[in-house]
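To keep things clear, I will list the structure first and then write my remarks on it.
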Amino acid sequence: MEKGLISVDRWAKGSEAYFLSHLHSDHTNGLTSSWSHAPLFCSPVTAKLLPFKFYGFDLSLLRILHPDASHTLTLKSTVIHVTAIDACHCPGSIMLLFRGDFGCVLYTGDFRWEATCQRATNARHLLRNALHDVPVVDVVYLDNTYSNPIYDFPTRHVAAQKVIDIISSHPDHEVIIGINTLGKEDLLIEIARALQIKIWVWPERLRTMHLLGFYDIFTTDTSLTRVRAVPQYSFSIGTLESLNRMCPTIGILPSGLPWIKKSLQKNEFLSGSFLTRRYKRGKWSANSEAQSDDQIRNIGSPEKIHEYMYTVPYSDHSNYEEIEEFLKLVQPTRLKGIVASSSCYIEPMYYFGRLCRVDQQTQKLHEEQRRKESCKREIEAVRSKTSFGGDNVQTGRDRSKASKGRSSGVRLRRFSRLRRTHRGAKIQGDNCSDQE
DNA sequence: GCGATCAGCT
DNA sequence: CACAGCTGATCGC
């Protein structure tokens with residue numbers, strides 16, 4: 001009842017106000033059309049889209065946070081201040097800076113903090129201004145999806161150029177690009193502009209595009225374009241192989257393989273079993289045989305993963321370096337990851353503790369962890385976690401932290417279930433907890 | 001019938 | 001192993 005004054009991306013009963021960072025499903029788990037616990041605060045764009053994801057939602061519950069103003073909210077028990085800042089993740093996505101009796105808390109939601117992106121530059125200015133009024137940020141709830149130095153990938157603009165290059169070099173092919181229900185609009189728009197073509201999307205997605213204000217670029221008429229954006233879950237190597245029996249078609253996944261640093265790929269993954277395993281897992285190994293070394297070599301650059309399939313490192317999450325820059329600006333006292341599981345999950349304090357303000361607790365934690373494991377061992381942990389089958393030995397601190405002391409013996413499935421339910425935060429009293 | 005949860009998939 | 005997401009089965013209300 002009294003626990004959890006406010007909830008961010010969490011929808012269980014008991015809070016006085018609820019905040020939605022953006023409309024992706026892993027942040028709306030528990031939110032339904034009939035949800036009505038308390039007012040829901042979100043960005044204008046999210047408010048516009050939400051009724052189409054949750055038909056019949058009680059719109060009188062919605063409260064708009066304008067992304068460039070500080071809002072003062074009078075709750076039942078206290079007054080809080082909140083500032084929304086563009087998170088540059090997907091349309092409508094925001095970070096939330098809270099100030100109140102509990103101190104100062106910054107919840108990043110999912111975010112992309114590109115150095116050269118104009119929107120991120122604007123967001124940086126806003127954040128810097130907002131931080132002027134704050135003595136110290138006590139806690140950052142961080143999008144730690146790629147909070148590991150092995151994640152090193154280019155800006156979205158650079159990745160978009162790669163996609164454009166791939167399409168240009170296949171002038172006689174149909175092109176299929178896998179996207180989700182929200183996000184990667186900018187990629188499609190860059191393609192459309194560069195190649196002077198329209199992009200096909202499915203009808204619901206066209207409606208979303210219209211809601212977002214994109215009227216002329218997208219179409220549901222297949223005869224108008226050779227480039228189609230389709231739901232990512234709906235296409236696979238199998239789909240592409242079928243399509244190629246009718247006409248030449250390539251697929252592009254703006255994501256895909258982990259974007260591990262080249263050195264690691266050369267040294268560990270390409271020579272080892274990493275790619276083999278990935279190949280065996282997917283539907284695209286027509287026979288269930290392991291791929292031969294030759295086949296692996298034919299994959300060539302990480303970009304072309306199959307005769308008809310390309311992946312491009314287009315990410316809506318910050319890479320390691322961007323997270324680092326973000327934390328240098330915010331300098332929080334404490335850090336908490338909002339993503340509990342990933343193949344390379346590392347307790348964020350491990351790499352970023354040094355960027356936090358030095359208080360004794362932080363310092364102690366940091367030193368302890370440094371002592372326990374060297375960087376090299378972390379990489380080892382990552383490698384063993386990417387293994388498929390065999391014994392998935394516990395790989396130390398990171399995993400046991402993430403599994404939160406659940407009964408042992410259950411591994412990946414339990415792990416991924418955790419991921420789906422672990423986003424978001426409850427903020428209460430003078431300490432902030434993840435609830436449960 | 002609906003929501004919650006889970007299995008399985010990409 | 002994933003960004004995030006879909007379908008379908010089952011269970012309780």
Side-chain angles (χ1 to χ4, degrees), chain A residues 9 11-12 22-36 53-56 89-90 93 109-112 143-148 150-151 153 156 159 176-184 187 202 204-205 230-240 251 253-260 264 268-269 272-285 302 305-306 309 311-319 338-346 381-390 392 395 398-399 402 410-421 423:
Chain A
D9 296 345
W11 309 102
H22 65 288
L23 262 180
H24 280 158
S25 296
D26 50 343
H27 292 255
T28 58
N29 237 310
L31 189 59
T32 63
S33 295
S34 55
W35 183 94
S36 62
K53 191 177 173 93
F54 302 106
Y55 289 99
H89 170 69
C90 70
S93 64
D110 291 348
F111 77 110
R112 180 91 205 243
D143 172 12
N144 56 313
T145 308
Y146 297 123
S147 65
N148 186 318
I150 62 171
Y151 288 121
F153 45 80
R156 285 176 288 198
I176 288 181
I177 302 172
I179 61 169
N180 284 320
T181 52
L182 191 63
K184 307 215 163 50
L187 167 64
W202 64 100
E204 291 85 349
R205 199 60 159 95
V230 305
Q232 204 175 104
Y233 65 87
S234 76
F235 95 111
S236 62
I237 294 287
T239 322
L240 279 176
L253 286 173
S255 64
L257 287 168
W259 312 299
I260 312 259
L264 261 179
E268 328 277 354
F269 294 117
S273 46
F274 181 66
L275 284 176
T276 323
R277 281 166 181 153
R278 291 186 59 84
Y279 256 70
K280 279 161 75 177
R281 245 183 87 73
K283 276 267 162 73
W284 56 81
S285 58
I305 63 164
H306 177 273
M309 183 73 94
T311 69
V312 176
Y314 189 99
S315 170
D316 286 326
H317 294 267
S318 299
N319 65 27
I338 61 171
V339 183
S341 150
S342 101
S343 63
C344 295
Y345 180 79
I346 302 239
V382 169
R383 286 185 60 209
S384 70
K385 259 178 262 176
T386 53
S387 71
F388 179 71
N392 245 314
T395 48
D398 44 342
R399 167 156 300 187
V410 193
R411 294 193 177 107
L412 298 179
R413 183 126 299 283
R414 169 75 77 186
F415 209 44
S416 73
R417 228 192 83 220
L418 215 99
R419 177 181 72 78
R420 284 193 171 82
T421 57
R423 304 258 192 181

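Protein chains get the first letters and strands the later ones, always in sequence-line order, with residue 1 at the start of each.
- If you check C:dC3, B:dG3, C:dG5 against the side chain of A:S34, the one that comes closest is B:dG3.
- Side-chain N/O atoms of A:H317 include none lying less than 4.0 angstrom from OP1 or OP2 on C:dA2.
- Between the P atom of B:dC9 and the CG atom of A:N180 lies a distance of 19 Å, rounded to the nearest Å.
- With sequence neighbours left out, the salt bridge (Lys or Arg N to Asp or Glu O under 4.0 Å) criterion links A:D9 to no other residue.
- Atom CH2 in A:W35 sits about 17 Å away from atom C1' in B:dA4, given to the nearest Å.
- The side chain of A:T32 sits closest to B:dA4 out of C:dG5, C:dC3, B:dA4.
- Going from atom CZ of A:F54 over to atom C1' of B:dG3 covers 13 Å, rounded to whole Å.
- Side-chain contact between A:S25 and A:K53 is present, with heavy atoms from C-beta onward closer than 4.5 Å.
- Residue A:S25 places at least one side-chain N or O closer than 4.0 Å to OP1 or OP2 of C:dG5.
- Separating the CZ atom of A:R156 from the C1' atom of C:dC3 is a distance of 12 Å, rounded to the nearest angstrom.
- Using a 4.0 Å cut-off between charged side-chain N and carboxylate O, A:R112 and A:D143 make no salt bridge.
- When rounded to the nearest whole Å, the span between CG of A:N29 and C1' of C:dA4 equals 12 Å.
- The side chain of A:H89 has C:dA4 as its nearest neighbour among C:dC3, C:dG5, C:dA4.
- Taking the six-membered ring where tryptophan is involved, the planes of A:H317 and A:Y146 are perpendicular, since the angle between them exceeds 60° and thus also 30°.
- Proximity of A:H24 to the phosphate of C:dA4: a side-chain N or O atom is located under 4.0 Å from OP1 or OP2.
- Comparing C:dA4, C:dC3, C:dC6 against the side chain of A:Y233 picks out C:dC6 as the nearest.
- Put simply, CG on A:D26 is 8 Å from P on C:dC3, counting in whole angstrom units.
- We find that CD1 of A:I338 is positioned 13 Å from C1' of C:dC3, with the value rounded to whole Å.
- A:T181 has no side-chain polar atom (N or O) that falls below the 4.0 Å cut-off from OP1 or OP2 of C:dA4.
- As a whole-Å value, the separation of A:Q232 CD from C:dC3 C1' is 7 Å.
- Side-chain contact check for A:H27 versus A:D110: some heavy-atom pair is nearer than 4.5 Å.
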